[in-house]
Amino acid sequence: MNEILIPILIVGGIGLLCGLILAFASIVMAVPKDEKAEAIRDLLPGANCGACGFSGCDGYAQALAAGEVKPGLCPVGGTAVAKSISEYLGCESDEMEEKVATVHCLGSYDNTSNRVEYEGIETCAGALSVAGGPASCQFGCLGFGDCVRACQYNAISVCNGVARIDPTRCKACSMCIKTCPRHLISFIPAKKQAVVRCKNCDKGAQTNKVCKIGCIGCKKCEKTCPHDAIHVKNSIAEVDPQKCTGCGECVGACPRHCITLFNAD
């Protein structure tokens, strides 16, 4: 009997001693809580997307509590969250510009095609690692939905081989921007404006071979714009949202129909 009892008592004693040591260490080595940071953290949406420039909501809350930054860096929370934090801190927040993410590609199955048949991991990143992906356009959307899976707000879908973003659901968290291996997604101000839905930087003749709707750098949009808001650089048209008034002149002038008018309303 003692042969069984003694080992049990020894093991139990060791366990009790270790428990006491851990309990003592947790008290001695405990990191004091920053109640101010915790209160601010509760006001943040908890997306932990990093769009504010910090590692997550905890990092941003700590920076706010320390007075290192001002409210207004959280695009997910928007103006409402910025106002709540400002009221808590008793300070003014910077003016927030509402933004939404948009996909700069219209390369659907109707407008382009694949140069090879891809068999492998059904992700954009996986497809891109195999000879640059199956799409004939080396700049276009791969359509495997990495951005769809990254979005926490069900704002993205793949339709006819190309990703599309619902601006009414987009929270500007930037997760889709970070995920897209072709860098086809960017933020635009949530206002009425022209948007170039193409990222093909090849010369017009080459672009024409791989996509029916790709920008060919003809500069008709540039010549038509009455506000000097659109210019062709590196064979691709680019819109300056600060100058663009959303008049739609470039949309009508584009022979490729790759410029669309975004309306936040």
Side-chain angles (χ1 to χ4, degrees), residues 15-104 123-125 145-157 163 165-191 193 241-242 262 264-265:
L16 179 62
L17 179 62
C18 290
L20 291 172
I21 293 173
L22 289 173
F24 177 76
S26 66
I27 295 172
V28 174
M29 302 176 68
V31 178
K33 294 183 178 180
D34 187 338
E35 295 183 0
K36 188 176 183 180
E38 287 189 346
I40 296 172
R41 176 64 178 81
D42 290 338
L43 296 174
L44 291 169
N48 287 314
C49 58
C52 58
F54 292 87
S55 57
C57 293
D58 287 335
Y60 184 35
Q62 290 170 5
L64 284 166
E68 297 173 357
V69 292
K70 292 182 179 180
L73 297 182
C74 177
V76 177
T79 304
V81 168
K83 184 179 179 181
S84 298
I85 296 174
S86 298
E87 291 175 351
Y88 174 78
L89 294 175
C91 67
E92 294 183 1
S93 63
D94 292 334
E95 189 73 20
M96 283 197 70
E97 181 184 50
E98 291 189 26
K99 297 180 180 180
V100 294
T102 189
V103 180
H104 296 277
T123 65
C124 299
D146 290 15
C147 54
V148 176
R149 290 181 286 275
C151 181
Q152 304 176 48
Y153 305 100
N154 197 29
I156 311 178
S157 61
I165 298 176
D166 182 350
T168 63
R169 292 186 174 185
C170 178
K171 300 296 183 182
C173 70
S174 79
M175 295 303 292
C176 58
I177 294 176
K178 297 174 183 176
T179 301
C180 179
R182 283 262 170 96
H183 310 293
L184 289 172
I185 307 175
S186 70
F187 285 139
I188 60 171
K191 67 165 192 171
Q193 65 189 294
Q242 303 304 320
F262 175 81
D265 299 331

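One-based numbering along the sequence shown.
- To the nearest 0.5 Å, atom NZ of residue K99 and atom CD1 of residue I188 are 11.0 Å apart.
- Between the CG atom of D166 and the OH atom of Y153 there is a distance of 14.5 Å, given to the nearest 0.5 Å.
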Run the side chain to side chain contact (heavy atoms under 4.5 Å, CB included) test on L44 and I85 for me, step by step, so that the C-alpha distance in whole Å, both residues' side-chain angles and the decisive distance to 0.1 Å come before the verdict. CA-CA 8 Å; L44 291 169; I85 296 174; 3.6 Å; yes
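- The two residues C170 and I165 come nearest to each other via the heavy atoms CB-CG2, 4.2 Å.
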Between V100 and F262, is the side chain to side chain contact (heavy atoms under 4.5 Å, CB included) condition met? List the steps. CA-CA 10 Å; V100 294; F262 175 81; 3.6 Å; yes
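- The NZ atom of K83 lies 13.5 Å from the CG atom of L43; values are rounded to the nearest 0.5 Å.
- Crowding of E87 atom CD: a count of heavy atoms from other residues, nucleotides or ligands under 6.0 Å exceeding 12.
- Taking both residues in full, the closest heavy atoms of A51 and S174 are given as CB-OG, 3.8 Å, listed atom of the first, atom of the second, then distance.
- Closest heavy-atom contact between L64 and L89: O-CD1, 4.2 Å.
- The main-chain N or O of C180 is never found under 3.5 Å from a side-chain atom of D146 such that the two would form a donor-acceptor pair.
- When all heavy atoms of A65 and K36 are compared, the pair lying nearest together is O-NZ, 3.5 Å.
- With K191 contributing its side chain and P241 its backbone, the two residues share a donor-acceptor pair below 3.5 Å.
- With hydrogens and angles disregarded, a donor-acceptor distance shorter than 3.5 Å links the side chain of R169 to the backbone of N154.
- S86 OG to K70 NZ: the interatomic distance, rounded to the nearest 0.5 Å, is 10.0 Å.
- Atoms SG and CZ, on C124 and R149 in that order, are 7.0 Å from each other to the nearest 0.5 Å.
- Rounded to the nearest 0.5 angstrom, L184 CG and C176 SG are separated by 11.0 Å.
- Considering every non-hydrogen atom in both G72 and Y60, the closest pair reads N-OH, 3.4 Å.
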